[in-house]
Amino acid sequence: MLEQLTGHEDPHPIYERLRAHGPLTRDNGMWLTTSHPLANKILRDRRFGVRYTDGTYPGNAGLLPESFLETDPPDHTRLRRIATPAFSPKKIDEYRTRVEKVADSLLDKDEFDLITDFAAPLPISVISDLLGIPDADTAEFADYGALVAASFDTGVTAEMANANDKVLALFDRLIAQRRKTPGDDVISSLVAAEAEQKLTAQEMLGTLVLLLVAGFETTVNLIGNGIRALLDHPSQWTLFKANQELAPAVVEETLRWAPPVQLTSRIAHEEVDGIGRNEMVTLLLAAANRDPEVYPEAHRFDVLRVHKPEHLAFSSGIHYCLGATLARMEGAVAFRALARRMPELRQTGPIEFRDSVVIRGMRSFPVSRS
Ligand code: HEM
């Protein structure tokens with residue numbers, strides 16, 4: 001049934017048909033769950049991993065350097081620990097004023113595309129800054145994240161391979177520079193860890209590519225999906241404009257209602273409740289986020305909703321999104337900037353959707369400030 005999904009349509013009718021089969025079902029030979037408690041349990045269960053028991057990784061092999069997202073403990077634990085300090089809540093808070101400035105500078109216009117002119121440049125600029133990538137180089141890979149995300153659905157294209165070579169060359173150059181002249185950025189801290197033999201050169205590259213891609217392809221859709229939800233629900237938009245301290249609540253409800261990452265998967269490392277060893281389970285995060293057993297009126301977009309338990313938009317367990325604090329801050333800054341600067345914001349043309357089943361969002365969303 002999942003293969004019927006396209007990037008264009010509302011996936012929830014299909015998720016609901018799957019939900020009708022119970023918390024754990026099989027579709028095309030693949031296990032899947034739409035249940036919040038079960039998805040959460042599997043994500044936290046150490047008997048499941050992201051690789052097969054022989055250490056191979058399903059899908060996308062060979063192009064991107066491997067990262068800790070695609071790694072099980074103990075390597076995952078070691079690599080994630082090295083990257084973690086860069087994303088501490090204190091670091092992210094110190095960063096807020098810079099993000100506000102970038103958001104503000106992107107809104108000096110009347111007619112624009114909310115995705116390409118605002119929602120995409122903001123996270124690209126933020127993550128580039130955090131990694132210490134110069135502005136001149138940032139422009140070069142503006143489409144890189146989109147290409148990588150497309151490769152999850154379509155496999156690797158020549159265009160993707162080309163963009164990938166460029167990004168790897170850029171990181172090689174930046175790493176060489178930081179070896180000579182260390183700075184106060186994530187690349188420098190990874191270079192220092194490499195010198196202490198805490199990770200290999202290949203693992204360092206994998207970590208950098210992960211941070212780059214995870215940072216842009218997702219946050220753009222948090223901002224885009226959130227603004228679209230607000231404009232489609234005028235009473236919520238009005239409520240938020242009058243109470244801009246609700247920005248974090250808008251972020252949480254957007255993540256629950258229209259999560260940028262719709263699904264992930266895990267592989268059983270031993271037989272677990274009928275799921276065989278080395279069988280894969282797809283966790284439909286977006287469906288779990290509308291589990292009626294967990295959220296009353298689950299299909300309703302309601303920024304005043306109490307999120308208990310937390311939605312699964314950032315996953316759960318040991319792979320819980322490392323950038324969650326940063327993404328939440330960027331989302332809140334973006335929503336507040338738009339509410340303050342563009343209270344009359346309106347859609348002016350047709351939306352183009354991303355052609356992806358895993359990543360949900362828009363490619364284009366034409367808007368005007370008045
Ligand atoms: C709204 C924006 C974002 C969403 C919805 C999101 C979602 C996710 C999800 C679902 C996972 C886990 C996938 C799994 O369990 O298989 C994940 C992991 C990760 N995310 Fe995010 N992410 C966002 C923003 C960011 C940002 C801004 C960064 C930082 C630059 C980031 C860095 C990471 C990293 C490093 C991991 C891997 C964690 C691990 O494997 O231990 N993400 N993200």
Side-chain angles (χ1 to χ4, degrees), residues 39-40 42-45 48-51 57-60 66-88 91-92 95 99 119-120 122-131 133 145 149 152 185-186 190 203 206-226 248 250-267 280-286 288-289 310-335 358-361:
N40 193 26
I42 290 174
L43 288 166
R44 291 167 164 273
D45 188 333
F48 289 87
V50 293
R51 292 182 175 247
Y57 184 75
N60 227 1
E66 281 172 8
S67 75
F68 57 87
L69 180 61
E70 297 129 25
T71 309
D72 290 321
D75 289 335
H76 171 266
T77 322
R78 170 176 58 87
L79 295 170
R80 179 167 168 130
R81 195 171 287 150
I82 296 167
T84 298
F87 294 91
S88 72
K91 274 253 161 66
I92 300 308
Y95 219 63
V99 179
L122 182 67
I124 289 176
S125 157
V126 170
I127 194 66
S128 302
D129 213 10
L130 212 128
L131 292 177
I133 299 171
F152 299 150
D185 55 68
V186 177
L190 289 175
E203 287 170 338
T207 302
L208 289 171
V209 172
L210 169 66
L211 296 179
L212 184 71
V213 174
F216 19 108
E217 254 332 276
T218 46
T219 315
V220 51
N221 297 317
L222 161 61
I223 298 170
N225 293 354
V250 175
V251 168
E252 281 335 281
E253 183 62 348
T254 302
L255 288 168
R256 185 194 71 85
W257 194 75
V261 180
Q262 295 272 301
L263 56 92
T264 186
S265 56
R266 291 293 184 267
I267 294 165
M280 190 186 279
V281 191
T282 297
L283 311 156
L284 291 169
L285 305 175
N289 282 357
E310 186 181 330
H311 56 71
L312 295 178
F314 289 128
S315 188
S316 187
I318 61 167
H319 291 279
Y320 183 86
C321 178
L322 181 59
T325 309
L326 174 62
R328 286 181 158 123
M329 185 268 276
E330 287 183 67
V333 166
F335 294 150
V358 181
I359 304 270
R360 267 197 86 78

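Whatever order the structure lists ligands and atoms in, that order sets their numbers, starting from 1. Position 1 is the first residue of the sequence; numbering continues from there.
- Less than 4.0 angstrom separates some heavy atom of Leu211 from each of these atoms of ligand 1: 30 (C), 35 (C).
- Separating the CG atom in Leu326 from the OG1 atom in Thr219 is a distance of 6.5 Å, to the nearest 0.5 Å.
- Interatomic distance, Ile124 CD1 to Asp129 CG, rounded to the nearest 0.5 Å: 13.0 Å.
- Across Pro259, Ala86, Ser315, Gly215, heavy-atom proximity to atom 11 (C) of ligand 1 is greatest for Ser315.
- Residue, atom and distance of the protein heavy atom nearest to atom 23 (C) of ligand 1 are Thr218 OG1, 3.2 Å.
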- Show your working on side chain to side chain contact (heavy atoms under 4.5 Å, CB included) between Arg51 and His76 and close with a plain yes or no. CA-CA 11 Å; Arg51 292 182 175 247; His76 171 266; over 6 Å; no
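- In summary, the atoms of ligand 1 found under 4.0 Å from a heavy atom of Leu222, numbered by their order in the structure, are 1 (C).
- Distance from atom 29 (C) of ligand 1 to its nearest protein heavy atom, with residue and atom name: Phe87 CE2, 3.6 Å.
- Of all atoms in ligand 1, numbered sequentially from 1 with element shown, those under 4.0 Å from a heavy atom of Ile127 are 30 (C).
- Of all protein heavy atoms, the one closest to atom 40 (O) of ligand 1 is His319 ND1, 2.6 Å.
- For the residue pair Arg80 and Tyr320, the shortest heavy atom distance occurs at NH1-O, 2.6 Å.
- Every atom of ligand 1 is numbered from 1 in the order shown, and the set under 4.0 Å from a heavy atom of Leu69 is 13 (C), 37 (C), 40 (O).
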- Task: Start with the C-alpha gap between Glu203 and Arg78, add the side-chain angles, then the distance that decides, and say whether salt bridge (charged side-chain N to carboxylate O under 4.0 Å, His left out) holds.
- Result: CA-CA 11 Å; Glu203 287 170 338; Arg78 170 176 58 87; 2.8 Å; yes
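- Looking only at distances, no side-chain donor or acceptor of Asp185 sits under 3.5 Å from a matching main-chain atom of Leu130.
- Remark: distances from the non-hydrogen atoms of His76 to ligand 1 include one below 4.0 Å.
- Rounded to the nearest 0.5 angstrom, Ile82 CD1 and Thr77 OG1 are separated by 11.0 Å.
- Shown in contact with Phe68 at under 4.0 Å from a heavy atom are these atoms of ligand 1, numbered in order with element: 35 (C), 37 (C), 38 (C), 39 (C), 40 (O), 41 (O).
- Residue contact check for ligand 1: Ile318 places a non-hydrogen atom closer than 4.0 Å to it.
- Atom 22 (N) of ligand 1 has as its closest protein heavy atom Cys321 SG, 3.0 Å.
- When hydrogens are left out, the protein atom nearest atom 35 (C) of ligand 1 is Leu210 CD2, 3.6 Å; that is the closest non-hydrogen contact.
- Closest to atom 5 (C) of ligand 1 among all protein heavy atoms lies Ala313 O, 3.7 Å.
- Using a 4.0 angstrom heavy-atom cutoff, Arg266 counts as in contact with ligand 1.
- Inter-residue side-chain proximity for Phe335 and Thr254 is flagged as met; some heavy-atom pair is nearer than 4.5 Å.
- Of all non-hydrogen atoms in Ala86 and Ile92, the two that sit nearest each other are O-CD1, 4.2 Å.
- If you check which protein heavy atom lies closest to atom 16 (O) of ligand 1, you get Thr264 OG1, 2.6 Å.
- To the nearest 0.5 Å, atom CZ of residue Phe314 and atom CG of residue Leu322 are 11.0 Å apart.
- Atom numbering of ligand 1 starts at 1 in the shown order; those under 4.0 Å from a heavy atom of Arg80 are 38 (C), 39 (C), 41 (O).
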- Query: Run the side chain to side chain contact (heavy atoms under 4.5 Å, CB included) check on Gln262 and Leu285 step by step: do they pass?
  - Reply: CA-CA 5 Å; Gln262 295 272 301; Leu285 305 175; over 6 Å; no
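- Closest to atom 28 (C) of ligand 1 among all protein heavy atoms lies Gly323 CA, 3.4 Å.
- Glu217 approaches Ile359 most closely through the heavy-atom pair O-CG2, 4.0 Å.
- Of all the atoms in ligand 1, the ones that sit under 4.0 Å from a non-hydrogen atom of Ala327 are 1 (C), 2 (C), 24 (C).
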